[in-house]
J.: 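Mind looking over this structure? Questions follow.
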Amino acid sequence: MSIATPCPTSPHRDPWKSHATRIVSITAEAPGVRTYELAFEEPAHRDAFRFAAGQFNMLYLPGIGEAAISISSDPATAGTLAHTVRAVGNVTDALARLGVGGQVFVRGPFGNPWPVDRVAGRDVVIVAGGLGLASQRAAILRLASGRSCRSIGVLHGAKRPDGLLYTREYDAWRAAGVDLRTIVDEADAAWPGPRGLVTSLLADTIRDAAATTILCCGPDPMMFGVAETAIGRGVAPHDVHLSLERNMACAVAHCGLCQFGPTFVCRDGPVLRYDRIAQLTRIPQL
Ligand SMILES: Cc1cc2nc3c(=O)[nH]c(=O)nc-3n(C[C@H](O)[C@H](O)[C@H](O)COP(=O)(O)OP(=O)(O)OC[C@H]3O[C@@H](n4cnc5c(N)ncnc54)[C@H](O)[C@@H]3O)c2cc1C
């Protein structure tokens, strides 16, 4: 793919062009984390916009800047798309000050998606650390609705119970056959679930390693730990997929900000097969 070529799923030819959207709804997910449902202002773009689970957009607020944010809604939903955002800096803090009706410009979609169309008959285990679940919600919704895979496990860890995302959807996910398990680092006596790292739930969840696909998103040490634990249980390295987060600016493999060895996370990722990056994860300078 050349540096000027947009993602094949992009409905427009110009990867540099932002399209105006309006905020349709805002849902509080966790302290400082909100889900923004957006609708493109141009009807033609609204109808044509397509994305795949795991891709991201660049959200642009004029006069402030752009930030890479995963698309957290179901790709099958027509008319709107969702982004779940933690307010941590220039763009995301400004976004948090907008209300329903506020204008956000969107460039995308970009990046390599989760392999949800290549898991027929397999056990899929989705492992999410904190906000990582935002990039995986689209995959959960796709897999739960398509059911070509044999089973769907979701392991979601957070620092505290109030950091767990999408809690209002858990009943529906479970009703759709998702084996959802949550774990937190710290909790008071009222927390009924386990405490510890999400990695500690993984070993029990892998029942048939040769038929297991892992989709993982979270902080790097957690993801690399999940990958090594899964491989230690017999999962093939090429069946472990990690979504990497790196600072990025152009999103089309031009500026080099997100370069990870020979890999551009914006173009070759964010979802990358572990066998292709395992060596790179051992180089501290990267
Ligand atoms: C593919 C992808 C998907 C993502 N998906 C989501 C998502 O779904 N939701 C979400 O909330 N976030 C997501 N992020 C993270 C988000 O892009 C960053 O948090 C982004 O920096 C926020 O922009 P900002 O302008 O608000 O913050 P910034 O002003 O950029 O500041 C954010 C923090 O990062 C530090 N920082 C900024 N730039 C650099 C740099 N060049 N080098 C070192 N440190 C720096 C700042 O000091 C600050 O602590 C994603 C990132 C990627 C790459």
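Order of listing sets the numbers, starting from 1, for every ligand and every atom in it. We use all heavy atoms of the structure for the numbers below, so side chains are in, but hydrogens, waters and symmetry mates are not.
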J.: Do any non-hydrogen protein atoms sit less than 4.0 Å from atom 34 (O) of ligand 1?
T.: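 So far as the 4.0 Å threshold goes, atom 34 (O) of ligand 1 is out of reach of every protein heavy atom.
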J.: Any nitrogen or oxygen of Met248, side chain or backbone, less than 3.5 Å from one on ligand 1?
T.: no
J.: When you measure from the side chain of Gln103 to the backbone N and O of Ala20, does any donor-acceptor pair fall under 3.5 Å?
T.: no
J.: Check whether any side-chain N or O of Asn57 sits under 3.5 Å from a backbone N or O of Leu59 as a donor-acceptor pair, and report yes or no.
T.: no
J.: Side chain, backbone, both or neither: which part of Thr92 has a heavy atom under 4.0 Å from ligand 1?
T.: both
J.: Checking a contact table here: which protein heavy atom is nearest atom 3 (C) of ligand 1, and how many Å away?
T.: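 For atom 3 (C) of ligand 1, the nearest protein heavy atom is Ser70 OG, 3.5 Å.
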J.: For atom 15 (C) of ligand 1, what is the closest protein heavy atom, and at what distance to 0.1 Å?
T.: Glu245 OE2, 3.2 Å
J.: For atom 29 (O) of ligand 1, which candidate among Ile69, Leu95, Asn90, Ile71 provides the closest heavy atom?
T.: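 Nearest heavy atom to atom 29 (O) of ligand 1 lies in Asn90.
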J.: Specify whether Tyr166 and Trp173 have parallel, tilted or perpendicular ring planes, treating 30° as the upper limit for parallel and 60° as the lower limit for perpendicular.
T.: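 Tyr166 and Trp173: tilted rings.
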J.: Is atom 49 (O) of ligand 1 less than 4.0 angstrom from some protein heavy atom?
T.: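 Within 4.0 Å of atom 49 (O) of ligand 1, no protein heavy atoms are found.
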J.: Hydrophobic clusters here meaning ILVMFWY residues chained together by side-chain heavy-atom distances under 4.5 Å, can you tell me if Val24 and Leu61 are in one?
T.: no
J.: Please work out which of Val271, Asn247, Val88, Val85 has its closest non-hydrogen atom nearest to atom 43 (C) of ligand 1.
T.: Asn247
J.: To which protein heavy atom is atom 10 (C) of ligand 1 closest, and what is the distance rounded to 0.1 Å?
T.: Leu131 CD2, 3.4 Å
J.: Can you see whether Ser72 engages Thr84 through a side-chain donor-acceptor pair at a distance of less than 3.5 angstrom?
T.: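 Short answer, yes.
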J.: Which residue supplies the protein heavy atom nearest to atom 25 (O) of ligand 1, what is that atom called, and how far is it?
T.: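 Of every protein heavy atom, Val91 N, 2.9 Å lies nearest to atom 25 (O) of ligand 1.
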J.: Please state which protein non-hydrogen atom is closest to atom 4 (C) of ligand 1 and give its distance, to 0.1 Å?
T.: Ala68 O, 3.4 Å
J.: Which heavy atom of the protein is the closest neighbour of atom 23 (O) of ligand 1, given with residue, atom name and distance?
T.: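 Minimum-distance protein heavy atom for atom 23 (O) of ligand 1 reads Ala67 CB, 3.4 Å.
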J.: Could you tell me whether atom 45 (C) of ligand 1 has at least one protein heavy atom nearer than 4.0 Å?
T.: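 It does; a protein heavy atom is within 4.0 Å.
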J.: Ring centres under 6.0 Å, that's the criterion: do Phe40 and His45 meet it?
T.: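 Yes, they do, as the ring centres are separated by less than 6.0 Å.
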J.: So, is Phe56 polar-close to ligand 1, with some N/O to N/O distance under 3.5 Å?
T.: no
J.: Is a side-chain donor-acceptor pair under 3.5 Å present for Ser151 with Asp123?
T.: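 Ser151 and Asp123 do have a side-chain donor-acceptor pair below 3.5 Å.
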J.: Does Trp114 use its side chain to pair, donor to acceptor, with the backbone of Val116 at less than 3.5 Å?
T.: no
J.: I'd like to know if Arg22 pairs up with Glu41 as an ion pair, taking the criterion as any Lys NZ or Arg NE/NH1/NH2 lying under 4.0 Å from an Asp or Glu carboxylate oxygen.
T.: yes
J.: Measure from atom 53 (C) of ligand 1 to every heavy atom in Glu66, Arg34, Arg246, His83 and give the option owning the shortest one.
T.: Arg246
J.: Can you confirm whether something in the protein, heavy atoms only, sits under 4.0 Å from atom 12 (N) of ligand 1?
T.: yes
J.: Do Arg246 and Phe260 form a cation-pi contact, if we require the NZ or CZ to be under 6.0 Å from the six-membered ring centre and within 45 degrees of the ring's axis?
T.: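 Yes, cation above the ring, under 6.0 Å and within 45°.
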J.: Any sub-3.5 Å donor-acceptor pair from Gln259's side-chain atoms to Gly261's backbone N or O?
T.: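 Yes; at least one donor-acceptor contact below 3.5 Å.
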J.: Which protein non-hydrogen atom lies closest to atom 27 (O) of ligand 1, naming both residue and atom, and how far is it?
T.: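 Answer, as residue, atom name and distance: Gly89 CA, 3.3 Å.
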J.: Measure Thr84 to ligand 1 on non-hydrogen atoms and call it side chain, backbone, both or neither using the 4.0 Å cut-off.
T.: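 Just the backbone.
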